[in-house]
Amino acid sequence: NVFPIPPVLENMNHTKGGLVIFTANSHPSGRELGKRIAERLGVELGKVQVYQEANRETRVQIQESVRGKDVFVIQTVSKDVNTTIMEMLIMVYACRTSCARSITGVLPYFPYSKQCKMRKRGSIVSKLIASMMCKAGLTHLITMDLHQKEIQGFFNIPVDNLRASPFLLQYIQEEIPDYRNAVIVAKSPSSAKRAQSFAERLRLGIAVIHGEAQDAESDQVDGRHSPPTVKTTGAIHPSMEIPLLIPKEKPPITVVGDVGGRIAIIVDDIIDDVDSFVAAAETLKERGAYKIFVMATHGILSSEAPRFIEESAIDEVVVTNTIPHELQKLQCPKIKTVDISMILSEAIRRIHNGESMSYLT
């Protein structure tokens, strides 16, 4: 006879290892997300000490056994991004040398994600960070809204790239009463795909701002001007001439799409240097938009960003808590936060129990 499995046992992990959640951040604000996730999962945070010594070296001391357990290391990026990375690497390595069964990194915002393409004589730093994490002993990575999805290919371990869009879409539907009169705006052609995704889900129109700033993909930035643009002799056969590359010219500001008498909702993945968002808001005001919202997953909001937002035509900036920004919220009441600890805790539960992740990614 086959006895039915009791419901309590169905959700349990059928392996011998337990579940341990650590926060690798030495900064108190960075531990807040870890506490929320642990509460949702009904577990206590693992006992660990992470601190900086007098000479600024990072020291990690794990204060409980992790042998044979599934360890999840939650790390949120603080202002000191390089210390954040070292804290993560040292803790992962400490878990590895303490015989953890698996080590999953939970980095809601993946640092250096903007440096994922070759620029002039630079380097692809995202690839370096990925290699360091794998070398330290990471066996799985959970992150959210990578700047480029292709970053997943830099890892030789499984990467789950979760989506914050359902939470931002819910905010639009619940907190913007007349959102049916809105238009989703891409502040540059490069973010048009994200804007299209939002527009299709909300059944709204789309507008694209073009020419407001030189695009990051320009020839000047990515190194295609590295070869000399003057005609050279002697390098190849005299009868052959390499045609000169015509430089790009920045067009005047144009808005493709109607925003007159509408609510404009600018969507992007990262809001850090807000100059481009402020300029986009001014352009939309001139074109007749009567209310302007900015939606982004990662609110880095560096240096003077809160002051610029407060003084701008932007009515509200909505970001998730992938990055701590309590100080910025005190400086600028226009900044609102959406909690995404629910999807991270569900991802941890599914990975620990060996369930499918396709619904979340």
Side-chain angles (χ1 to χ4, degrees), residues 21-38 45 48 50-52 56 58 60 72-93 103-116 124-134 136 138 140-149 151-152 154-155 159-164 167 268-274 296-306 317-331 335 337-341 343-345 347-348:
I21 296 177
F22 290 122
T23 55
N25 208 306
S26 59
H27 198 273
S29 63
R31 292 195 289 268
E32 188 59 38
L33 183 63
K35 289 176 185 174
R36 285 174 181 248
I37 291 170
L45 280 175
V48 65
V50 183
Y51 58 94
Q52 310 295 318
R56 301 295 297 160
T58 299
V60 173
F72 291 83
V73 180
I74 300 167
Q75 181 67 315
T76 50
V77 175
S78 62
K79 276 190 174 181
D80 190 352
V81 64
N82 296 323
T83 300
T84 298
I85 292 167
M86 284 309 298
E87 287 171 348
M88 176 83 177
L89 293 173
I90 293 169
M91 180 167 283
V92 168
Y93 189 64
I103 307 163
T104 303
V106 183
L107 273 94
Y109 170 67
F110 186 73
Y112 287 94
S113 60
K114 282 188 173 182
Q115 298 188 48
C116 60
I124 305 173
V125 185
S126 292
K127 168 65 177 170
L128 173 64
I129 301 296
S131 301
M132 288 163 68
M133 287 181 178
C134 293
L138 212 61
H140 200 132
L141 179 70
I142 301 171
T143 187
M144 182 167 274
D145 283 346
L146 285 168
H147 188 57
Q148 297 287 342
K149 288 183 179 179
I151 292 173
Q152 294 173 86
F154 295 158
F155 291 84
V159 177
D160 286 311
N161 184 28
L162 309 181
R163 294 170 297 161
F167 296 90
D268 214 334
D269 62 329
I270 298 170
I271 177 166
D272 183 8
D273 178 13
V274 296
T297 304
H298 309 295
I300 300 174
L301 302 166
S302 301
S303 62
E304 295 293 305
V317 173
V318 183
V319 292
T320 71
N321 57 342
T322 55
I323 297 171
H325 52 267
E326 293 306 314
L327 187 62
Q328 289 91 327
K329 283 179 74 174
L330 293 173
Q331 296 171 338
I335 300 169
T337 309
V338 175
D339 181 24
I340 45 82
S341 61
I343 193 170
L344 292 171
S345 56
I348 290 171

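Below, all heavy atoms of this structure are taken into account, side chains as well, without hydrogens, waters or symmetry copies. For the single chain, residues carry numbers from 1 onward in sequence order.
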Start with the C-alpha distance between E87 and Q52, add both sets of side-chain angles, then the distance that settles side chain to side chain contact (heavy atoms under 4.5 Å, CB included), and finish with yes or no.
CA-CA 9 Å; E87 287 171 348; Q52 310 295 318; 3.3 Å; yes

Quick one, N82 with Y112, criterion side-chain hydrogen bond (donor to acceptor under 3.5 Å, both in side chains). Give me CA distance, side-chain angles, the key distance, then yes/no.
CA-CA 10 Å; N82 296 323; Y112 287 94; 2.6 Å; yes

Side chain to side chain contact (heavy atoms under 4.5 Å, CB included) between V317 and I271, intermediate numbers included:
CA-CA 9 Å; V317 173; I271 177 166; 4.0 Å; yes

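Note that NE2 of H140 and CD1 of I142 are 6.0 Å apart. Values are rounded to the nearest 0.5 Å. Atom OG1 in T23 sits 11.5 Å away from atom CE in M88 (nearest 0.5 Å). In this structure, the separation between CG on L141 and CZ on F154 is 13.5 Å, given to the nearest 0.5 Å. How far CG of L128 is from CD1 of I124: 11.0 Å, rounded to the nearest 0.5 Å. The OG1 atom of T320 sits 6.5 Å away from the NE2 atom of H298 when rounded to the nearest 0.5 Å. In this structure, the separation between CD1 on I74 and CE on M91 is 10.5 Å, given to the nearest 0.5 Å.
For the pair L162 and L344, the minimum side-chain heavy-atom distance is below 4.5 Å. Side chains of T104 and V73 form no contact here, defined as non-hydrogen atoms less than 4.5 Å apart. Considering only heavy atoms from C-beta on, F22 stays 4.5 Å or farther from L45 through its side chain. Inter-residue side-chain proximity for V60 and V48 is flagged as met; some heavy-atom pair is nearer than 4.5 Å.
Legend: residues meeting salt bridge (Lys or Arg N to Asp or Glu O under 4.0 Å) with D80, ordered by chain and number and at least two apart, are R56. For F110, the ring-ring contact (aromatic ring centres under 6.0 Å, His included) partners at least two apart in sequence or on another chain are F155. By the side-chain hydrogen bond (donor to acceptor under 3.5 Å, both in side chains) test, T297 is found to be paired with D145, residues two or more places apart in sequence or in another chain being considered. In this view, E326 satisfies the salt bridge (Lys or Arg N to Asp or Glu O under 4.0 Å) rule with no residue, not counting sequence neighbours. Residues passing the side-chain hydrogen bond (donor to acceptor under 3.5 Å, both in side chains) test with S78, sequence neighbours excluded: T84. The side-chain contact (heavy atoms from CB on, under 4.5 Å) search around S302 returns D272, I300, not counting sequence neighbours. By the side-chain contact (heavy atoms from CB on, under 4.5 Å) test, N321 pairs with L33, R36, T337, D339, I340, sequence neighbours left out. Shown here are the ring-ring contact (aromatic ring centres under 6.0 Å, His included) partners of H325, two or more places apart in sequence or in another chain: there are none. Every residue two or more places apart in sequence or in another chain that forms a side-chain contact (heavy atoms from CB on, under 4.5 Å) with N161 is listed here: T143, L146, K149, Q152. Residues meeting the side-chain contact (heavy atoms from CB on, under 4.5 Å) test with L327, sequence neighbours left out: Q331.
Scanning both residues, G299 and V319, for their nearest heavy atoms gives CA-CG1, 3.8 Å. Here the closest heavy-atom approach between residue G105 and residue L138 is recorded as N-CD1, 3.4 Å. Between I151 and S113 the shortest heavy-atom distance is CD1-O, 3.6 Å. The two residues V50 and A24 make their nearest non-hydrogen contact at CG1-O, 3.6 Å.
For R163 (side chain) and M144 (main-chain N/O), no donor-acceptor pair under 3.5 Å exists by modelled atom type. A donor-acceptor pair is defined here as one N or O able to donate and one able to accept, closer than 3.5 Å; such a pair exists between the side chain of Q75 and the backbone of N25.
Taking a 6.0 Å sphere around OH of Y93, one finds it holds 12 or fewer heavy atoms contributed by other residues, nucleotides or ligands.
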